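Values in this document were obtained by computation on a predicted structure and should not be read as measured data.
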Amino acid sequence: MADYKGRVFEYVRNDEASKIKNDISFLIRELQKSLKEEGVTFNPVLVGPSKENFVTREVNGTTGIDIHYNLLLQKYPDKTAKQLRMLFLSTINNILKNKGFKNTINNYQSITVLMPDRIEKEVIHSIDFAIVIDEKEQQDILIYDRKNSEYFFETRESINLLDDLTYDIKNNGLWEDLRDLYLNMKNYNDNKDIRTFEIYKEAINNIMKK
């Protein structure tokens with residue numbers, strides 16, 4: 001039992017995950033403060049496995065925990081998709097300068113911050129920030145198409161609909177089934193292009209088919 005890199009994952013205790021979330025909260029506050037001066041405001045929301053405390057880490061390895069945030073745009077006057085992504089990226093880098101963080105990564109649908117653990121410095125935690133325009137039944141996610149050097153908003157199903165499914169799963173007594181299935185799917189994932197959130201979504205859909 002291992003993923004495509006030979007890693008085995010286990011769940012992290014809620015109090016441990018909370019410490020990492022607290023460590024990243026300073027960045028979010030500073031980001032909000034700095035971007036407000038540029039006329040851009042947003043509301044940070046934990047999503048997916050991060051929201052439901054399905055946080056994992058590699059057993060006896062250096063892959064730390066993944067935390068996923070949607071940064072829900074509130075005000076963003078006269079800014080293109082590229083301008084917004086570059087503004088967020090440069091501001092985050094300026095905040096993290098000389099704070100011991102590794103460089104940020106400009107990924108397809110998120111900006112990823114790599115954060116060394118406070119105690120085990122060789123363990124690297126991954127914090128993903130997706131920039132999102134939120135609607136009731138859909139979300140527009142800011143995408144970076146590296147191959148074509150393009151930035152654009154892509155419309156997807158709202159995360160709120162996924163939250164409705166998790167509510168149904170809890171009410172039907174299948175929560176532990178979901179936890180077991182998600183961890184099992186993550187440990188057997190053999191596709192390097194499938195990220196944690198996608199595994200979580202597939203696990204929910206599989207439980208709903210029962």
Side-chain angles (χ1 to χ4, degrees), residues 20-21 23-52 54-55 65-97 99 101-115 124-166 191-202 204-205:
I20 305 302
K21 293 174 185 177
D23 285 345
I24 207 67
S25 63
F26 88 92
L27 169 59
I28 294 175
R29 289 193 301 269
E30 289 297 315
L31 185 59
Q32 287 178 307
K33 180 180 177 181
S34 296
L35 291 184
K36 189 174 182 180
E37 297 175 1
E38 301 289 336
V40 176
T41 61
F42 67 88
N43 180 38
V45 178
L46 283 165
V47 294
S50 305
K51 178 180 179 180
E52 302 296 348
F54 280 30
V55 180
I65 71 174
D66 293 329
I67 302 291
H68 304 266
Y69 285 92
N70 276 357
L71 306 183
L72 306 181
L73 291 174
Q74 297 167 316
K75 296 179 181 179
Y76 48 100
D78 301 322
K79 297 200 181 292
T80 65
K82 181 176 182 178
Q83 288 171 336
L84 275 171
R85 179 66 81 93
M86 290 297 98
L87 178 60
F88 272 84
L89 188 64
S90 62
T91 305
I92 289 173
N93 283 333
N94 286 335
I95 293 169
L96 296 181
K97 192 181 302 181
K99 292 188 181 295
F101 285 66
K102 294 183 177 295
N103 291 334
T104 56
I105 303 172
N106 194 13
N107 284 319
Y108 181 72
Q109 65 180 30
S110 65
I111 296 171
T112 300
V113 174
L114 301 178
M115 182 178 73
I124 305 299
H125 305 300
S126 176
I127 318 297
D128 287 338
F129 295 114
I131 302 168
V132 176
I133 299 173
D134 188 46
E135 303 291 344
K136 185 175 181 180
E137 295 184 356
Q138 69 181 41
Q139 291 181 328
D140 296 329
I141 301 178
L142 206 167
I143 298 297
Y144 170 41
D145 182 352
R146 187 183 303 275
K147 182 178 179 180
N148 296 307
S149 299
E150 292 180 347
Y151 292 85
F152 54 89
F153 280 96
E154 182 174 276
T155 300
R156 298 184 183 179
E157 185 179 82
S158 173
I159 191 68
N160 299 325
L161 301 179
L162 201 61
D163 289 342
D164 291 341
L165 294 181
T166 59
N191 187 339
K192 66 180 179 63
D193 294 322
I194 296 180
R195 297 182 64 81
T196 297
F197 187 85
E198 293 169 310
I199 297 173
Y200 173 73
K201 184 176 180 179
E202 184 179 352
I204 288 174
N205 289 332

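- The two residues D66 and V55 come nearest to each other via the heavy atoms O-CG1, 4.2 Å.
- Here the CD1 atom belonging to I159 is positioned 8.5 Å from the CD atom belonging to E157, to the nearest 0.5 angstrom.
- Within the 4.5 Å cutoff, the side chain of D145 has no heavy atoms near those of the Y151 side chain.
- Between the side chain of Q32 and the backbone N or O of T41 there is no donor-acceptor pair closer than 3.5 Å.
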Quiz prompt | Chi angles and distances behind the side-chain contact (heavy atoms from CB on, under 4.5 Å) call for Y69, L46 | solution = CA-CA 5 Å; Y69 285 92; L46 283 165; 3.5 Å; yes

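- The distance from atom NZ of K75 to atom NZ of K36, rounded to the nearest 0.5 Å, is 8.0 Å.
- Around the OH atom of Y76, the shell of radius 6.0 Å holds no more than 12 heavy atoms that belong to other residues, nucleotides or ligands.
- A heavy-atom distance below 4.5 Å is not found between the side chains of E38 and T91.
- Under a cut-off of 6.0 angstrom, the local environment of NZ in K201 is sparse, with at most 12 non-hydrogen atoms contributed by other residues, nucleotides or ligands.
- Using the six-membered ring where Trp is involved, Y200 and F54 have ring planes that are perpendicular, over 60° apart on the 30 and 60° scheme.
- Minimum heavy-atom separation, P77 to G39: CD-O, 2.9 Å.
- Here the closest heavy-atom approach between residue Q83 and residue D78 is recorded as OE1-O, 3.7 Å.
- Between the K21 side chain and the S50 main chain, a donor and an acceptor come within less than 3.5 Å of each other.
- Nearest heavy atoms, Y144 versus N107: CB-O, 3.6 Å.
- Paired with Q109 under the rule side chain to side chain donor-acceptor pair (under 3.5 Å), one option of R156, R195, E154 passes, and it is R156.
- By the 4.5 Å heavy-atom criterion applied to side chains, S126 and I65 are not counted as neighbours.
- Side-chain contact between Q74 and N43: present, with at least one pair of heavy atoms (C-beta onward) separated by less than 4.5 Å.
- Counting only heavy atoms from C-beta outward, the side chains of L27 and F129 approach each other to under 4.5 Å.
- At least one side-chain heavy atom of L161 sits under 4.5 Å from a side-chain heavy atom of D164.
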Exercise. Assess whether side-chain contact (heavy atoms from CB on, under 4.5 Å) is satisfied between R85 and I111, documenting all intermediate values.
Key: CA-CA 8 Å; R85 179 66 81 93; I111 296 171; 3.7 Å; yes

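- Shortest non-hydrogen contact noted between I95 and L31 is CD1-N, 3.5 Å.
- Between the CG atom of N160 and the CG atom of L165 there is a distance of 11.5 Å, given to the nearest 0.5 Å.
- In this structure, CG in L142 is found 6.0 Å from CG in L84, a value given to the nearest 0.5 Å.
- A donor atom on one side chain and an acceptor atom on the other are not found under 3.5 Å apart for D193 and Y108.
- Note: L71 CG to L35 CG = 9.0 Å, rounded to the nearest 0.5 Å.
- Atom OG1 of T112 sits about 9.0 Å away from atom NE2 of H68, to the nearest 0.5 Å.
- For the pair S158 and Q138, the tightest heavy-atom approach, listed with the atom from each and the gap, is CB-N, 3.4 Å.
- Within the 4.5 Å cutoff, side-chain heavy atoms of I20 are placed close to those of M115.
- Within the 4.5 Å cutoff, side-chain heavy atoms of N106 are placed close to those of M86.
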